[in-house]
Visitor: 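Sending over a structure as structure tokens; questions will come in a sec.
Keep in mind it's a predicted model, so treat the numbers as computed, not measured. To find a chain, count down the sequence lines: A is the first, B the second, and so on, and within it residues start at 1.
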There are 2 protein chains.
Amino acid sequence: MTIFVQGAPAERAHILLEGRVRILQTDEDGAQVVMRFVGRGQTFGTMGLFTDHLYPAHAIAVTNGTEISWSEANLLDLMARHPQIGLNLVHVIGARLRETEDRLRELATQRVERRIAHTLLRLAAQAGKAGHNGTEIDFPLSRKDLAEMCGATLHTVSRTLTAWEKQGAVRTSQQRITIPDIAEIQKRCEEERA
Amino acid sequence: MTIFVQGAPAERAHILLEGRVRILQTDEDGAQVVMRFVGRGQTFGTMGLFTDHLYPAHAIAVTNGTEISWSEANLLDLMARHPQIGLNLVHVIGARLRETEDRLRELATQRVERRIAHTLLRLAAQAGKAGHNGTEIDFPLSRKDLAEMCGATLHTVSRTLTAWEKQGAVRTSQQRITIPDIAEIQKRCEEERA
DNA sequence: CGTAAAGTTGACATACGTCAATTTCAGTGG
DNA sequence: CCACTGAAATTGACGTATGTCAACTTTACG
């Protein structure tokens, strides 16, 4: 289940071929933050190779899957011979940086409800499976996961989601979330002030 | 004073030769977040070139300075011919991503006081000028700046700093902050609770 | 069908923001 | 050199969003 743990020597770059992997960081005093969910075709664990050679987070498979990995030497060699690879990497990391900055801004300036809404939108975009009655997040996602993604407690997330469910903005069963109408959630991201 | 504004087409990559530049993002509803202060020798405004070709933030000089910039074509050409440049870029962006993730984690899990302490530590590391009676942040930094760096209001920052000043942990005059003893601030980053 | 994990819900506490009034300071012009 | 101005900073009173604590219910699964 655990692919690598935070703080371990980072020797390989990974690519996920199938499944979902949760990347989460742990604080000195145990608080957890989910950085992202890796989907198929995405790299993970590569950042360590370019900084202090330690994995900066835990990687935990949330659904069965397959991954391949390269040794660092391999990757560097590849990059030296194909400049395009370096450029691609810059693209990928750049996108990640952008997303992280977005989340930082949200956390610094917005209230929980809006942050939860944003988080759902991002998840829907990255892992949404369009279905008959809405967009379903295609992997098990607990209230706790969601809370740790947007800097809230699972209690607040639970209260918020039940409220939204009553209003028909989401449908949930254990670890499953479906969004009948994305626009409805989008509205909750734009609300000036509750 | 303004070098580029958020949302403008990003056509050039910049390097700061001298001075300080504040990088800040503005929210749809006007809230501001300071992403970082650029020091001499650091690049800025490069991320736009690798994503949507729009500057993701404002760049505002806070002290007089000089900068040089490259056109995108120039940079790409350079990267194609010298793979090492791409690798360096990955290093730099990687470090930025790490720092942003750190701040995200702080914002999601820690109280203001600790965040302010962390912010000061980072500033001291990046812009600290060692002096006779401590480390001084070498550029003008208002309470508002500090607040926008750590997701607080300037009021809270002001109250906190006056408290710390009474305890001798910092010394301040207008827009100037000196830290007599870094270790003292470090302690405030580690406090378990309260 | 029993146990553990996930989720819900209520009562209560509080850290921090909001609002508002003053004070201090740096720079400018007479 | 002093008075004036606007920006920065301080400080108090007060409100509230959201965390904390705790009890309970539901669901999944062996």
Visitor: Could you see if L123(B) belongs to whatever hydrophobic cluster contains V157(B)? Use Ile, Leu, Val, Met, Phe, Trp, Tyr and a side-chain cutoff under 4.5 Å.
Guide: yes
Visitor: Within the 4.0 Å limit for protein heavy atoms, which parts of nucleotides 6-11 of chain C are touched? Write it as a string from 5' to 3', B for base, S for sugar-phosphate only, - for none.
Guide: SSBBBB
Visitor: Atom CD1 of I116(A) and atom C1' of dG19(D): how far apart are they, to the nearest Å?
Guide: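 Atom CD1 in I116(A) sits about 13 Å away from atom C1' in dG19(D).
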Visitor: Which residue pairs satisfy the salt bridge (Lys or Arg N to Asp or Glu O under 4.0 Å) criterion with at least one member in residues 30-43 of chain A, sequence neighbours excluded?
Guide: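 Applying salt bridge (Lys or Arg N to Asp or Glu O under 4.0 Å) to every pair that reaches into residues 30-43 of chain A, excluding sequence neighbours, yields E18(A)-R40(A).
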Visitor: I want to check something: taking the side chain as every heavy atom from C-beta on, are L87(B) and H91(B) in contact at a cut-off of under 4.5 Å?
Guide: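 The answer is yes; the side chains approach within 4.5 Å.
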Visitor: Around atom CG of N64(B), are there more than 12 heavy atoms of other residues, nucleotides or ligands at under 6.0 Å?
Guide: no
Visitor: To the nearest 10°, give me the bend of the helix from dC1(C)-dG30(D) to dG30(C)-dC1(D), comparing the axes of its five terminal pairs at either end.
Guide: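 The angle separating the two end axes equals 40°.
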Visitor: Do the numbers put R12(A) on top of the ring of W70(A), so that NZ or CZ is under 6.0 Å from the six-membered ring centre and no more than 45° off the axis?
Guide: no
Visitor: In Å and rounded to the nearest 0.5 Å, what is the CD1 to OG1 distance from I182(A) to T135(A)?
Guide: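 The CD1 atom of I182(A) sits 4.0 Å away from the OG1 atom of T135(A).
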Visitor: In terms of relative ring orientation, are Y55(A) and H14(A) parallel, tilted or perpendicular, with 30° and 60° separating the classes?
Guide: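 Y55(A) and H14(A): tilted rings.
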Visitor: How many Å lie between CZ on R111(A) and P on dG15(D), as a whole number?
Guide: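 After rounding, the reported distance stands at 16 Å.
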Visitor: May I ask you to evaluate whether T153(B) reaches the phosphate of dC16(C), defined as a side-chain N or O under 4.0 Å from OP1 or OP2?
Guide: no
Visitor: Check whether any side-chain heavy atom of R115(B) sits under 4.5 Å from a side-chain heavy atom of R111(B), and report yes or no.
Guide: no
